[in-house]
Structure formats: structure tokens, C-alpha cells
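These notes concern the structure reproduced below.
The chains referred to below are lettered A, B, ... by the order of the sequence lines, with proteins before strands, and numbering in each begins at 1.
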Protein chains: 2
Amino acid sequence: MLETFETVSKAVADPSRVRILKLLEGGELCVCQVTAVLDLAPATVSKHLAMLKIAGLLQQRRDGKWVYYRLAERELNPCARKFLGLIGGCLNEDPTIEEDRRMLALVNAVPVQVLCNEGRAALASNAPASKAPSCCGGPS
Amino acid sequence: MLETFETVSKAVADPSRVRILKLLEGGELCVCQVTAVLDLAPATVSKHLAMLKIAGLLQQRRDGKWVYYRLAERELNPCARKFLGLIGGCLNEDPTIEEDRRMLALVNAVPVQVLCNEGRAALASNAPASKAPSCCGGPS
DNA sequence: CCATCATTTCGTCAGTTATCGAAATGACGA
DNA sequence: TCGTCATTTCGATAACTGACGAAATGATGG
């Protein structure tokens, strides 16, 4: 029991992994989507996801080339359930978490295939229109 | 906020520190009492306690030579409060935690001064009477 | 004042962890 | 069957952490 608690609490005791958990509160995401939001190397993100899964906090689903992760629902681990509940009630107004949610909105506006090919570059065109002076979408 | 969460969750993500928190659910204890139960070096215990205090999970009180720690009550940190609540509902049947509680009962049966002088040796006489064959307290 | 003693801080060591790039895996489509 | 591509695993590196003994701190009691 203490060992399980340790596994889960260590999994949660890292900002990148907490950001992932908060992202997944909005529904499942594939690895490349999470990677695009966090702006980390795919290998790093994959490892974080694996750790969260081992702790019983996440579940996995494969769909073609892509692997989707989501918050564990029927997880057998009562400790993990408690931690998920705690995190659900936390950090909802944290600047980093809010920024991640904004970034996620951009990510969701792009098909997964495009995102995987282009990475964060795929988001630029849909971004807050900070540039693009000449045409398309000006105040008319 | 994320930073605070990280501090608190890292503080909780260590078995020794969780054992301390569970011990203190029974009320305040001085450093040497915690040290006797955990069977770690005083410096190590002091560091753990300091970390838990910085995270807002513990409060401190000095009484003469001794420093007493207790679970934070009026702590301003909502994150710490949530974690304390979670831990309060966890691990109550964990073998290590139960053993710590048994050891704490022995520790509480000894005056603090004696405990500080003799360390764990002060507990032997009150222990499950595994030795002491000749006199005093036989079944008679 | 000074010695004592509980606690804390300092310095160090071994073990762990987050991160990355490179290579391996595994599923899809030609 | 073979190449492509998302994901994972491997290997290495830098930073962090838990543990300890030794020294510093700080309050008590003579």
C-alpha cells in the first residue's frame, strides 16, 4: 500500500506530468498532441505517459498509427482515484495550465495527421493572428 | 500555483515523510520521538520535517529543548489542506504505518527526556517482554 | 558565563530522475 | 513485402534527492 502510494505520488510530483493530467481532463489525446502542447521531445512525453499509466492514472488505446491516452476510469487503484480527484479540484486557474488549455484548443483545430507531420508549426496559421498583415481575415 | 502543487506533492512523494504525516495524525511529536519511531538519523528526520513544514503541511512549536511538530491546521495553503485530507483517508491499514503506530505507543510510554538520552534502547523494557527472564513482572 | 544537549545546517556520497538523440518497434498503405 | 511514420525503448548526461557524520545553533540550567 505504501508502495502504491509512493508510485502514484511520485508520478504526480512532476510539473510536466501534472500538465498532462490536466490536459487529459478535457478528453483523450494522442501522444503527438500532448507533445505539441508541452513542447517536449516525443521520447520524453512517451516516458511521462508510461509512468502515469503504470501508476494507474491513465489508460491507453491504439487507433491506427496513433496511441491515445485518457484518464483512468475503472482503475482498480483506489489511491490513483483519490489523486485524480484531488488534481481535478486543483490548478484550474494556474497560468501554465490555462496556457496549456489555450494551446490545446489550437491543437484540436488541426487534424492529427497534420500535427504529427508539422509539429508546432501546424498551429501557427490558427494562432492569435499576430502577423499576416496583407490579406485574409483583416478587419475588412 | 503549479509551483506550490509541486512543492507539496514532492514533499508527500517520499515514504519516510508519509510515515511522519501519518504519525502526526495522532497529535504532535518532538523530533526525537519521530526519530525513534522511524529509526533514522536525527539530521535526516530534521530535514524531512523542515521540508514538510516548507510545504505547509506541518507547524512547529518549541518547548524548552524540544521542538514539536504537528499537522498544519490553519495553514493558508489550500493545496496542502487537500493533500492532508487525502493522506488522512489512506494507508490506515498499511503494515508499515500500523507498525509505526505500535512503535509510537511504546515511545509515548517513555518520558521525552529518557527517550532523547537513550534512543530506541529506552523502549526495550516496555517492549513485548521478549527477554528479562528472572524477576519483575513474571506471570506469577 | 559556561556546559549540556536537542535540533539544525553543512558537506559529501550513492542512487534516482528528467531530458534528449538515436535506434528499435509496430501498424498502416502501396 | 516494403517503406513510412507514430511511438517506444535504449543509452548517455546533467541535475536532483535521501542518507549520513560532523560541525554549528540555540535554549536550559547550573
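Closest heavy-atom contact between Leu21(A) and Leu58(A): CD2-CD2, 3.8 Å. Trp66(A) approaches Val112(A) most closely through the heavy-atom pair NE1-CG1, 3.5 Å.
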| Given the rule in the side-chain contact (heavy atoms from CB on, under 4.5 Å) test, do Gln33(B) and Leu104(B) qualify, once you have shown the distances and angles that lead to the verdict? | CA-CA 8 Å; Gln33(B) 291 175 308; Leu104(B) 177 59; 5.6 Å; no
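If you check dG18(D), dT19(C), dA6(D) against the side chain of Asp14(B), the one that comes closest is dG18(D). If you check dC20(D), dA6(C), dT7(D) against the side chain of Cys32(A), the one that comes closest is dT7(D). Here dA6(D) is the nucleotide among dA19(D), dA6(D), dT8(D) with the atom lying nearest to any side-chain atom of Trp66(A). Checked against dG18(D), dT7(C), dA6(C), the side chain of Met51(B) finds its nearest nucleotide in dG18(D). Comparing dC20(D), dT8(C), dG18(D) against the side chain of Val31(B) picks out dT8(C) as the nearest. The side chain of Arg17(B) approaches dG18(D) more closely than any other nucleotide in the set dT9(C), dA18(C), dG18(D). Distances from the side chain of His48(B) to the nucleotides dT9(D), dA6(C), dA19(D) place dA19(D) closest.
Each of Ser16(A) and Lys65(A) lies near DNA chain C, and the nucleotide nearest Ser16(A) is the one positioned closer to the 5' end. Mapping Cys116(A) and Ala50(A) onto DNA chain D by nearest heavy atom places Cys116(A) closer to the 5' end of the strand. Between Ala43(A) and Val67(B), the residue whose closest nucleotide on DNA chain C is further toward the 5' end is Val67(B).
Note that CD of Glu98(A) and CG of Leu91(A) are 10.5 Å apart. Values are rounded to the nearest 0.5 Å.
Remark: the Gln60(A) side chain and the Lys53(A) side chain contain an N/O donor-acceptor pair separated by less than 3.5 Å.
OP1 or OP2 of dA18(C) has not a single side-chain nitrogen or oxygen of Thr44(A) nearer than 4.0 Å. Taking 4.0 angstrom as the limit, Asn117(B) places none of its side-chain polar atoms (N or O) nearer than this to OP1 or OP2 of dT4(C).
Using a 4.0 Å heavy-atom criterion, one finds that Gln60(A) contacts the sugar-phosphate atoms exclusively. Tyr69(B) comes within contact range of the sugar-phosphate backbone alone, with a heavy-atom separation under 4.0 Å but no base atom that close.
Atom CG of Leu49(A) is separated from atom C1' of dT19(C) by 15 Å (rounded to the nearest Å). As a whole-Å value, the separation of Glu118(A) CD from dA6(D) P is 11 Å.
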